[in-house]
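No experiment lies behind these values; they were computed from the predicted model shown. For ligands, and for the atoms within them, numbers begin at 1 and follow the listed sequence.
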Amino acid sequence: MVVTKEKMEAWLRRILGVDKVKLGLLDYIARIPRVKDLTDVASGTPVLVRGDLDCKPGAKVGEGDIRLRSMKETLEIGRSRGWIQVIFGHIGRDPQLSLDKVCKRLGEILGCEIKFISDWFDPANLTIRPELVEAIKAAKPGDFILLENTRKYDIERVLWKAKPADIPNLAEKLAKVANEFAEKVARVYVHEAFSAGSLDTSSVVVPAAMDKVALGEYAYGEFSGPLADCLNAQLVISSGLKIDKLDDLQAMIDRGKIRWVFTAGSLAMGLIKAAYQLEGKDFCIGVQEDPAHKDQPYYIPPERVEQAKKMIAEGRQKGIQFVMPVDFVLQDGRVASTLGPQDQQFDVGPATLDLFEKKIGEFLEWAKTLNEPAIAFHNGVFGKFEDPRFEAGTKRFMAQLKRMKDAGVRVYVGGGEGGKALELYGQPDWVTHNFTAGGTVLNALGSEPVPFLVALEMAATKSF
Ligand SMILES: Nc1ncnc2c1ncn2[C@@H]1O[C@H](COP(=O)(O)OP(=O)(O)OP(=O)(O)O)[C@@H](O)[C@H]1O
Ligand SMILES: O=C(O)[C@H](O)COP(=O)(O)O
């Protein structure tokens, strides 16, 4: 389908959330076909696969390549059907980063040579280079081609900071890019990049021009299995650096199942301040509330404290327990239960961990009263854990995940930094499932839809 500028404007309004459609995660999953459903795509057909390539393969297969292995089932389905699969995707945020090592490792996983195209796009004319067109022509059924880092080209990143007012300017260029892919690369598109939650052109624009789209088997399995289960979590541990995770927490609470909220990390300071203010008192959160730090990721503006107050007040009325830190490790390593205006917290203190352990015990008692296993979702880290001075909170709490799992709770870790912490301080079997993505998981459970699901749903239902 050729995408006009007007169609692309409508498409971008949905992608950027200007036009909203109220769909839940399960609606998206029901409306998007799976790769298994593409039974009428003939052998020899080129198929674009948006891959989960953002990883650092270690010395041998199995090391640092879980995202590549997660694509195997989908790629094998395509190979068995004789498709010519053109895999593309990003690595990191630096446009200079190369996928050459990823290409080699993917070849090892699939047991074949993968043709690597290092320069496949002409950014001056927004066209696909002849090298790629020739490579597709020369490919045999079942072959794989892998394209260099999509973020090498500026057009991949134009939507990251786009505002609604930019849509008319961007629509023509992005329509051209989508049409180039459909004309010169493939008209069938498979998304097997569970972690690609950003507004990359490859995953949120290219599907617009495709005749057929589908979700890969791994992505489908993650959404319809563990993520669908997390929608019913009764306990959430919301931690990390940035206060905007409050929106996601609110969305989880609004779904109505949450009964216990544990919070830690720098974002918890906003909730602590809010809880004090609800009692007519105040609590200094140090530099995190100092407007001189307003450009820092840990800054908590007054409106976020107001938002937290409303969340706590309404939540308590519904019977939700909010469990918050009571002591902190400060910038110089001091442990304190209060902060001065120049202080910054970088970890929770030992009294907090004692409190959290006691409260997990209470949760487990409460969970025994349910007719089915309880569900817990853990996101983020309790402090700046990469620095050994501030790792104790994140490290010690990992044992509570195991404790819950051992007691029969289904325990999920939302990838990202929390997932890294589990790998560092725990064992994979301490939890029911550790997601291979952070941002996508929070989007799926939180306040904003997953951008690539919005794109795939529009492309599948031709509703734009
Ligand atoms: N006081 C703090 N509390 C929590 N994290 C902090 C703090 N200070 C610095 N950080 C750092 O911020 C990062 C975590 O931030 P954040 O939770 O926003 O990350 P994320 O990548 O979104 O994580 P996730 O994907 O698990 O949600 C970690 O690298 C952590 O070390
Ligand atoms: O590592 C990730 O979480 C994904 O590859 C997404 O990366 P991004 O946050 O750079 O879009």
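Looking at Asp327 and Thr352, their side chains do bring a donor and an acceptor atom within 3.5 Å of each other. Neither side chain, Gln345 nor Ser266, offers a donor N or O lying under 3.5 Å from an acceptor on the other. Residues Glu156 and Ser202 have side chains that bring a donor and an acceptor to within less than 3.5 angstrom of each other.
At a heavy-atom distance under 4.0 Å, only side-chain atoms of Arg67, from C-beta outward, approach ligand 2.
Not a single heavy atom of Arg157 sits closer than 4.0 Å to an atom of ligand 2. Within the 4.0 Å heavy-atom shell around ligand 1 one finds Gly415.
Rounding to the nearest 0.5 angstrom, the gap separating the NZ atom in Lys420 from the OG1 atom in Thr394 is 12.5 Å.
Of the candidates Lys245, Lys242, Gln331, Glu417, Lys245 brings a heavy atom nearest to atom 17 (O) of ligand 1. The nearest non-hydrogen atom to atom 31 (O) of ligand 1, considering only Gln288, Glu386, Gln345, comes from Glu386. Among Asp387, Asn379, Leu241, the residue whose heavy atom lies closest to atom 12 (O) of ligand 1 is Leu241. For atom 9 (C) of ligand 1, the choice among Lys384, His378, Gln344 with the nearest heavy atom turns out to be Lys384.
Residues meeting the ring-ring contact (aromatic ring centres under 6.0 Å, His included) test with Phe88, sequence neighbours left out: Phe181. Remark: Arg255 engages no residue in a side-chain hydrogen bond (donor to acceptor under 3.5 Å, both in side chains) (not counting sequence neighbours).
Near Phe385, meaning under 4.0 Å from one of its heavy atoms, ligand 1 places the atoms 31 (O).
Scanning the protein for heavy atoms near atom 6 (C) of ligand 2, the closest one is Ser195 O, 3.4 Å. Scanning the protein heavy atoms around atom 3 (N) of ligand 1, the nearest turns out to be Ser266 N, 3.1 Å.
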